[in-house]
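These notes concern the structure reproduced below.
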Protein chains: 2
Amino acid sequence: MNYERQILHWVNRLGFLTRKEIVARFGVAGFEVSPEEWALLLLLNEGGAKAPSEIAEITSKDRTTVTRLVDGMVRKGLVNRIPNESDRRRMVIELSASGHSLFAKLAPIAKGLIGDAMGEIGEDDAQITLAVLKRMTSNLQGADLSSSSKKETQDAKL
Amino acid sequence: MNYERQILHWVNRLGFLTRKEIVARFGVAGFEVSPEEWALLLLLNEGGAKAPSEIAEITSKDRTTVTRLVDGMVRKGLVNRIPNESDRRRMVIELSASGHSLFAKLAPIAKGLIGDAMGEIGEDDAQITLAVLKRMTSNLQGADLSSSSKKETQDAKL
DNA sequence: TGGCAATAGTTGTGTTATACACTTAATATG
DNA sequence: CATATTAAGTGTATAACACAACTATTGCCA
């Protein structure tokens with residue numbers, strides 16, 4: 001069988017589709033927000049303020065990529081870069097007031113997308129799917145070739 | 001509950017992780033193949049030759065993006081652009097001999113990745129997950145805002 | 001049948017996400 | 001205290017992506 005192969009295939013396809021679709025819907029509603037910006041808004045809203053390096057790890061992106069993303073969002077006033085007092089190398093990225101406000105406006109749009117996507121799918125199946133996706137992510141981060149010794153982060157995440 | 005919201009979140013995260021990981025593993029094995037190239041090799045190998053516009057639709061990318069991807073792979077000798085005799089506007093993209101050969105070398109690497117990802121996941125859960133992902137994709141393409149009237153393609157795909 | 005709309009694909013061009021190599025600054029350690 | 005380590009940011013290059021416009025071919029219908 002090749003269920004397994006197909007899962008990764010459909011993960012990719014669905015991921016692409018979702019990214020395009022969410023940006024399109026934001027655009028229709030008058031908001032110019034990229035998928036990366038939305039992901040960071042979501043991350044900071046749900047998980048609270050985070051260091052750039054944490055964001056990089058969670059999103060599997062380079063730290064410099066995160067720096068540039070944050071640059072742009074600081075420029076737009078969506079997030080704040082707060083220096084850590086006890087360790088002045090560190091920064092913390094937090095949602096600004098207008099970031100929170102934007103999130104509140106975007107959330108219903110995202111919810112609509114989710115509703116459309118989840119049509120005709122039972123709660124049980126949704127739960128199983130979520131568990132499988134989490135497990136797969138965890139498996140891959142454990143078996144990662146490029147970035148080693150990040151087990152703790154992975155455990156903390158699940 | 002927000003299982004549903006989380007599913008899309010983890011789809012994105014897993015998708016990114018997979019793309020990075022597969023390229024890394026190809027690289028370790030000495031192959032410089034981008035995720036897009038791999039996806040096209042896979043698509044053409046499993047589904048046979050395809051028109052550029054079909055490829056664009058399946059991958060949710062613009063036709064011009066596909067043109068450029070195919071350009072590069074033709075240059076590398078991985079695929080052939082075959083003009084359709086009966087309708088000379090149409091093209092068909094097929095794997096070349098060396099494209100098939102490269103695919104044969106990459107497939108075991110991808111299989112290894114899949115094996116790692118699917119560790120500790122039961123067959124039943126994998127099947128359910130696959131079905132859910134397909135359904136979600138189908139739901140989103142049906143509810144699509146940007147590209148309308150593509151129901152037939154969607155049905156043909158599932 | 002002749003002309004115009006529709007279709008398939010490519011080019012021109014600009015944007016954006018991405019990351020590698022390097023730098024700067026601060027903290028930890030031996 | 002000197003050096004290694006860590007956190008973040010810069011300089012720069014590349015690759016994916018898509019909109020607009022263009023070419024070539026086919027379909028349609030009046």
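Just so we're on the same page: letters track the sequence lines, and every chain starts at 1.
Protein atom CG of B:L69 is 11 Å distant from nucleotide atom C1' of D:dA15, rounded to whole Å. Rounded to an integer number of Å, the gap from A:E32 CD to C:dT15 C1' is 13 Å. Residue A:M73 contributes atom CE, which lies 18 Å from atom C1' of D:dG9 at whole-angstrom precision. The distance from atom CD of B:E54 to atom C1' of C:dA8 is 12 Å, rounded to the nearest whole Å. D:dT10 atom P lies 13 Å from atom CZ of A:R63, rounded to whole Å. The distance from atom NZ of A:K61 to atom C1' of C:dT16 is 12 Å, rounded to the nearest whole Å. The nearest whole Å value for the distance from the CD1 atom in A:I82 to the C1' atom in D:dA7 is 17 Å. Protein atom CG of B:N12 is 14 Å distant from nucleotide atom C1' of C:dA17, rounded to whole Å.
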N/O to N/O distances under 3.5 Å, protein versus nucleotides 26-30 of chain C:
unit_1 : atom_1 : unit_2 : atom_2 : d
C:dT27 : OP1    : A:R88  : N      : 3.1

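Ion pair B:E36/B:R68 not flagged as a salt bridge, since none of the NZ, NE, NH1 or NH2 atoms sits closer than 4.0 Å to an Asp/Glu carboxylate oxygen. Salt-bridge formation is detected for the pair A:R25/A:D116: a Lys NZ or Arg NE/NH1/NH2 atom is positioned less than 4.0 Å from an Asp or Glu carboxylate oxygen. A salt bridge is defined here as a Lys NZ or Arg NE, NH1 or NH2 lying under 4.0 Å from an Asp or Glu carboxylate O, and B:D71 with B:R81 meets this definition. A salt bridge links B:K76 and B:E37; the closest N-O separation between the charged side-chain nitrogens and carboxylate oxygens is under 4.0 Å.
A donor and an acceptor atom, one from each side chain of A:N84 and A:S86, are located under 3.5 Å apart.
For B:T64 against D:dC17, no side-chain N or O and base N or O form a donor-acceptor pair under 3.5 Å.
Note on B:T67: a base of the nucleic acid sits closer than 4.0 angstrom, heavy atoms only. Residue B:R19 is classed as having no contact, given no heavy-atom separation below 4.0 Å to the nucleic acid.
Contact between the side-chain N/O atoms of B:R68 and the OP1/OP2 oxygens of C:dT11 is not found at any separation under 4.0 Å. The shortest distance between the side-chain N/O atoms of A:T65 and the OP1/OP2 oxygens of C:dT18 is not below 4.0 Å. Listed pair A:K20 / D:dC17 fails the phosphate criterion, with no side-chain N or O lying under 4.0 Å from OP1 or OP2. Not one side-chain nitrogen or oxygen of A:R81 sits closer than 4.0 Å to the OP1 or OP2 atom of D:dA8.
Place A:V70 and A:F16 on DNA chain D by their nearest nucleotides, and A:V70 ends up nearer the 5' end.
Using cut-offs of 30° and 60° for the angle between ring planes, the B:W38 and B:F103 rings count as parallel.
Within the cation-pi definition used here (under 6.0 Å to the ring centroid, within 45° of the axis), B:K61 qualifies as a partner of A:F16.
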